[in-house]
Amino acid sequence: MMGPQHALSGAATWLAGSWVAAQFFDYPQSATTIAVGAAVCAGGALLPDLDMSGKVTKGQGGSTVSRSFGVASLFVAEVIEKISVGVYTATKLSKDPDRHNGHRTLTHTLPFAALMGFGSIWLCTRYGRWAVIGILFFMFGFALRGLFDKWADRAGWVIVTLTSGAAAYFAFNFLPSENRGYPMIGLAVGVGCIVHLMGDIVTRAGVPILWPIPTGRRMWRMIGLPDTFAIEAGSKVETTVLRTVFTVISLVAGAGLLAPALLKRFDIEV
Ligand SMILES: [Zn+2]
């Protein structure tokens with residue numbers, strides 16, 4: 001899938017999950033907390049594609065997420081891609097094909113999603129305020145690129161960076177204090193990464209979802225849908241059907257979450 005759909009699927013999953021948590025598990029959250037969680041999850045749902053670099057010196061190419069912060073993030077993507085291809089080559093078994101590009105390898109695994117999730121929780125609890133603001137900054141930047149892709153392309157990386165920084169700072173200050181510190185941020189990052197893997201599994205190329213469990217002398221078996229069912233990246237089905245489905249889920253879940261608070265505010269009994 002392409003960046004915008006990944007981001008949207010992340011936001012939709014988080015909103016739907018928050019609705020289920022509020023409805024069935026008696027776990028209500030404030031509107032701010034839900035919005036921050038949805039944005040972080042949207043950003044996290046782009047994170048695995050940070051293994052797709054472009055032309056660093058020209059500031060071109062790469063995935064949506066690699067372009068988030070201009071040349072800086074393109075450079076990071078280049079490094080991650082090289083590390084990924086290195087890990088692939090070092091751990092591949094006899095039946096795994098040779099690879100010269102690391103896209104859809106290391107960062108497209110469940111251990112990576114767990115590392116990002118627990119790593120974020122660890123950073124937040126260990127370093128507090130600045131770690132929280134830092135993680136929010138990156139996730140918001142990714143989310144802006146994904147959810148408002150046309151705007152972000154027009155605005156350019158400087159505006160995206162400034163907006164993300166300001167949003168991260170304000171979000172931190174507006175979040176209820178007992179939620180800072182913060183398993184929720186880590187959970188949203190980790191869930192976002194897993195949602196990304198699910199989004200790539202429905203394409204033909206697939207992802208190495210079983211890694212590091214070897215199957216039939218292959219460590220990096222790509223699991224995807226068979227051709228007949230597979231969704232082609234960037235196809236009409238993806239950009240219209242999936243986009244609509246994710247938007248509807250987000251809106252319905254969002255309405256379900258906000259409705260009780262609104263009804264209460266206007267003193268409407270149900
Ligand atoms: Zn991907």
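Both ligands and their constituent atoms are indexed starting at 1 by order of listing. Start at 1 with the first residue, then count along the sequence.
Listed by chain and number, the residues in a side-chain contact (heavy atoms from CB on, under 4.5 Å) with L93 are D96, P214, M219 (sequence neighbours excluded). Residues satisfying the side-chain hydrogen bond (donor to acceptor under 3.5 Å, both in side chains) criterion with Q29, sequence neighbours excluded, are S18.
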Cut-off 3.5 Å, no hydrogens considered: what does the side-chain donor-acceptor table look like for residues 34-51, sequence neighbours left out?
from	atom 1	to	atom 2	distance (Å)
D49	OD1	H108	NE2	3.1
D49	OD1	H196	NE2	3.3
D51	OD1	H103	ND1	2.7
D51	OD2	H103	ND1	3.4
D51	OD2	R104	N	2.7
D51	OD2	T107	OG1	3.1
D51	OD2	H108	ND1	3.4

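Side-chain contact of T247 with S250: a donor-acceptor pair under 3.5 Å is absent, judged by distance alone. There is a side-chain donor-acceptor pair under 3.5 Å between W220 and T91.
At a threshold of 4.5 Å between non-hydrogen side-chain atoms, the residues V87 and T105 do not count as touching.
Around the Zn ion (ligand 1), the protein contributes the following N, O or S atoms under 2.8 Å, ordered by chain and number: D49 OD1, H108 NE2, H196 NE2, D200 OD2.
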